[in-house]
Each structure stands twice: as structure tokens, then as C-alpha cells.
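Encoded as C-alpha cells, the structure appears first; notes follow it.
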Amino acid sequence: MFANRGLEIKTRGQIDKMRIAGLLVGQTLELLRASARPGVTTGELDALAEANIRDHGGVPSFKGYSHPPFPATICASVNDEVVHGIPGERVLGDGDIVSIDCGAIVDGWHGDAAITVAIGEVAPEVIELMRVTEEALWHGLAAARLGGRVTDISHAVEQHVRSQGPYGILEDYTGHGIGTEMHMAPNVPNYGRPGRGPTLVEGLALAVEPMVTLGSKETDLLEDDWTVATSDGSMAAHFEHTFTLTPDGAWVLTAIDGGAARLAELGVAFGGR
Ligand code: MG
Ligand code: MG
């Protein structure tokens, strides 16, 4: 357990508080999914997200984060943008995809999740990219077991993506521990050999977030110092959930149903309360 030093291990009561933050993030993303359509700007989605989070007693965790301070409540990354896009005047059009990442703090505890949404009619290979990325997230979550290791998740994410086609998996950005801060130890890569990294124990909370492209895994940081875009201009998808393990199974804190349905499809016990 030496490798687990420095990890924040939550009590049951603290995990229950994380569920409240996680549900608010999940509900906010569902609101944005329903609102994202041709003609809507990413800035309008951002305003909806901020209002929903604040109306429910939360604080947007991205706003003011890091240096230069992130200026918005959501990240909105369109098409070849993978993550960390800054919402603004950009109008979503038919055939676009937008990856929306959202984080909120409730009573000191963080939730963090992301979805990629199709706008209007999107090319079939892009729909496939979204499917593969979301499935890879769930395969990663389903690979987590108490007593297992962090890279069991990484391996399962990568294996699923590789089994589906010649996709690019970002290596420069990873999932992460989460709790009293958004980004905590350990990193959760989206590739690699299983059986490595910290041991998965009750009370650990992790954000798993595969970032997958139709081309290269290489990315560039745009001039705004935030937006990460594919170097080859290929389309990219990003799905993320915050989750934990209980003695009963897995509990996806940012999923509306706690992950029960998707976990059941993969034969994994639901560990929510
Ligand atoms: Mg996120
Ligand atoms: Mg995250």
C-alpha cells in the first residue's frame, strides 16, 4: 500500500457528499445535451450550466481554475478540439460535435464529468467515434475492483478502443483522483499495462476520461492557452465520469442512475447507496 500514500481516502459520509456534487454535474450535462442544437452558441450552453449549478447550491469548479484562469463554467470543445475549449460566440452547426466538460463543487466536494454531443446530422464515422469513446469509459469503470490497481482501468479503456479500430488515444492528458480538489493523485491514463499504480480501495474517487480521435493522438495547445486540438485536424470525442468503489460494487457518482444500467450490461455489480 506504499504506492497509496498521498491519496485522499474518503469516509462513507464524504462519498455521499460527492454523490450530491456528482448528480448536479450529471444533471447539468443532461440539460446541456438537451439544449445543444444547431444555432446555439457554446457561450449560451455555458450560461445555462452556470445558472443550473448555482441554482442548486453549487459552485462551478472550472471558473478561475489554474493560470491563465479558465474563464467559464464548462469546457466546450468543437470537432477537432479535444478538451479545454473556451465557450463563447461560436455557433454550433449541423454536423458538428461538441465535447462538454463540467465540474461543480457542493459543500466542498467535487464532481467532474464530460459528454460529447452530436449537433444535427453527424457523419457516421463520427457517431462511431463517440460510441467507442463512451464505451471505452464504461469498460474502464467496469474493470475497477477493490484490491485491483489503477492501470486495470487504463488497460481496459485502451483495449476497448483498439478493438474497435485505428483510433488515436491521447496520452498527454489523463483522468485523475478527485475529492476536496478537482485534480488529485493519482493520474488515470487511458492506455497501458494492467496491474500497476495505486491499489483501488474503498473511499478512493477517480475521474476516468478517455479522449479519442479519428486520427492522431498528437495535439496542439491553441493560442488561448487552453484549447487542446488534434494536430492533424481529426475529430475528437471525450467522455468522463467520477466514480468510486464500495464493498457492493461500482458507483458512478456523476451518472444519473449511479451507473446501474451500463454497469449491469457489462456484468458489474452496482455499489451505490
Ligand atoms: Mg472533466
Ligand atoms: Mg477530469
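These numbers were taken from a predicted model, which means no experiment stands behind them.
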With a 4.5 Å cut-off on side-chain heavy-atom distances among I, L, V, M, F, W and Y, is there a chain of contacts connecting F243 to I20?
no

Would you mind reporting whether H160 and W138 have side-chain heavy atoms less than 4.5 Å apart?
no

Taking all non-hydrogen atoms of both residues, which atom of A236 and which atom of I97 are closest, and how far apart?
O-CD1, 3.3 Å

What distance do E135 atom CD and R262 atom CZ have between them, rounded to the nearest 0.5 Å?
6.5 Å

Do the side chain of T42 and the main chain of P87 share a donor and acceptor less than 3.5 angstrom apart?
no

Quick check: does any side chain N or O of N190 sit under 3.5 Å from a backbone N or O of S154, one acting as donor and the other as acceptor?
no

Given the rule that I, L, V, M, F, W and Y join up when any side-chain heavy atoms are under 4.5 Å apart, are V150 and I169 in one cluster?
yes

For the pair V82 and L170, evaluate side chain to side chain contact (heavy atoms under 4.5 Å, CB included) and give the outcome as yes or no after the intermediate values.
CA-CA 9 Å; V82 193; L170 267 66; 3.8 Å; yes

Mind listing the closest non-hydrogen atom pair of H176 and T174 along with its distance?
CD2-O, 4.0 Å

Test I74 against L32 for side chain to side chain contact (heavy atoms under 4.5 Å, CB included), laying out the working first.
CA-CA 10 Å; I74 60 169; L32 300 185; 3.9 Å; yes

Does K17, at its NZ atom, have more than 12 non-hydrogen atoms belonging to other residues, nucleotides or ligands within less than 6.0 Å?
no

With side chains defined as the heavy atoms from C-beta onward, is the minimum distance between W226 and S66 less than 4.5 Å?
yes

Main-chain N/O of D112 paired to T242 side chain as donor or acceptor, under 3.5 Å:
yes

Counting neighbours of CZ on R12 that are heavy atoms of other residues, nucleotides or ligands and sit closer than 6.0 Å, is the number greater than 12?
no

Min side-chain heavy-atom separation R54-P60 under 4.5 Å
yes

Let me check something: do V98 and L48 share a hydrophobic cluster, defined by ILVMFWY side-chain heavy atoms less than 4.5 Å apart, either directly or through other members?
yes

Within a strict 4.5 Å, meaning less than it, do heavy atoms of the D172 and V228 side chains meet?
no

Residue pair N52 / L24, side-chain heavy-atom distance below 4.5 Å
yes

Count I, L, V, M, F, W, Y as connected when their side-chain heavy atoms are under 4.5 Å apart, and connections chain through other members. Are V132 and L129 then in the same cluster?
yes

F70 and C75: which non-hydrogen atoms are nearest, and at how many Å?
CZ-SG, 3.7 Å

First locate atom CD1 of I178, then atom NZ of K10, and finally report the distance between them rounded to the nearest 0.5 Å.
8.0 Å

Is it true that, when you exclude E121 itself, more than 12 heavy atoms of the residues, nucleotides or ligands shown sit nearer than 6.0 Å to its CD?
no

Donor-acceptor pair, T116 side chain versus H238 backbone, under 3.5 Å?
yes

Are the side chains of R90 and E81 in touch, meaning some heavy atoms are under 4.5 Å apart?
yes

Distance alone, cut at 3.5 Å: any donor-acceptor contact between the side chains of H183 and Y65?
yes

Could you tell me which non-hydrogen atom of S234 sits nearest to which non-hydrogen atom of S216, and how far apart they are?
OG-N, 3.9 Å

Tell me which one of R196, R193, E158 satisfies side chain to side chain contact (heavy atoms under 4.5 Å, CB included) with T151.
R196

Is it true that a side-chain atom of D46 and a backbone atom of T73 form a donor plus acceptor pair closer than 3.5 Å?
yes

Given side chains that start at C-beta, do those of R19 and R273 come closer than 4.5 Å, heavy atoms only?
no

Separation between CG (L137) and CE (M211), nearest 0.5 Å, reads 10.5 Å

Spell out, as yes or no, whether a donor-acceptor pair under 3.5 Å connects the side chain of E209 to the backbone of A114.
no

For side chain to side chain contact (heavy atoms under 4.5 Å, CB included), just list the numbers for L214 and Y167, CA-CA rounded to whole Å, side-chain angles, deciding distance to a tenth of an Å, and then say yes or no.
CA-CA 5 Å; L214 281 179; Y167 296 98; 3.6 Å; yes

Any side-chain heavy-atom pair from F270 and D248 closer than 4.5 angstrom?
no

Does the D152 side chain pair with the main chain of R149, one donor and one acceptor, at a distance under 3.5 Å?
yes

Assess the residue pair D232 and D80 against the criterion (side chain to side chain contact (heavy atoms under 4.5 Å, CB included)); give the C-alpha distance rounded to whole Å, side-chain angles, the decisive distance to 0.1 Å, and a yes or no.
CA-CA 8 Å; D232 61 2; D80 61 313; over 6 Å; no

Provide the closest heavy-atom pair for L245 versus A144 in the form atom of the first, atom of the second, distance.
CD2-O, 3.7 Å

Nearest 0.5 Å, please: how far is CD1 in I153 from CG in L141?
7.0 Å

Donor-acceptor pair, side chain of S61 and main chain of G103, under 3.5 angstrom:
yes

CG-CD1 distance between L23 and I256, expressed to the nearest 0.5 angstrom:
6.0 Å

Under 3.5 Å: donor-acceptor pair, side chain of T244, backbone of L204:
yes

Is it possible for you to say whether M130 and V117 belong to one hydrophobic cluster, with membership spreading through side-chain heavy-atom contacts below 4.5 Å?
yes

For K217, does the NZ atom have more than 12 heavy-atom neighbours from other residues, nucleotides or ligands under 6.0 Å away?
no

Nearest 0.5 Å please: distance from the CG atom of N79 over to the CE atom of M235.
4.0 Å

Where V25 and G111 come nearest, the two heavy atoms and their spacing
CG2-O, 3.6 Å

For the pair H110 (side chain) and A21 (backbone), establish whether a donor and an acceptor sit closer than 3.5 Å, ignoring hydrogens and angles.
no

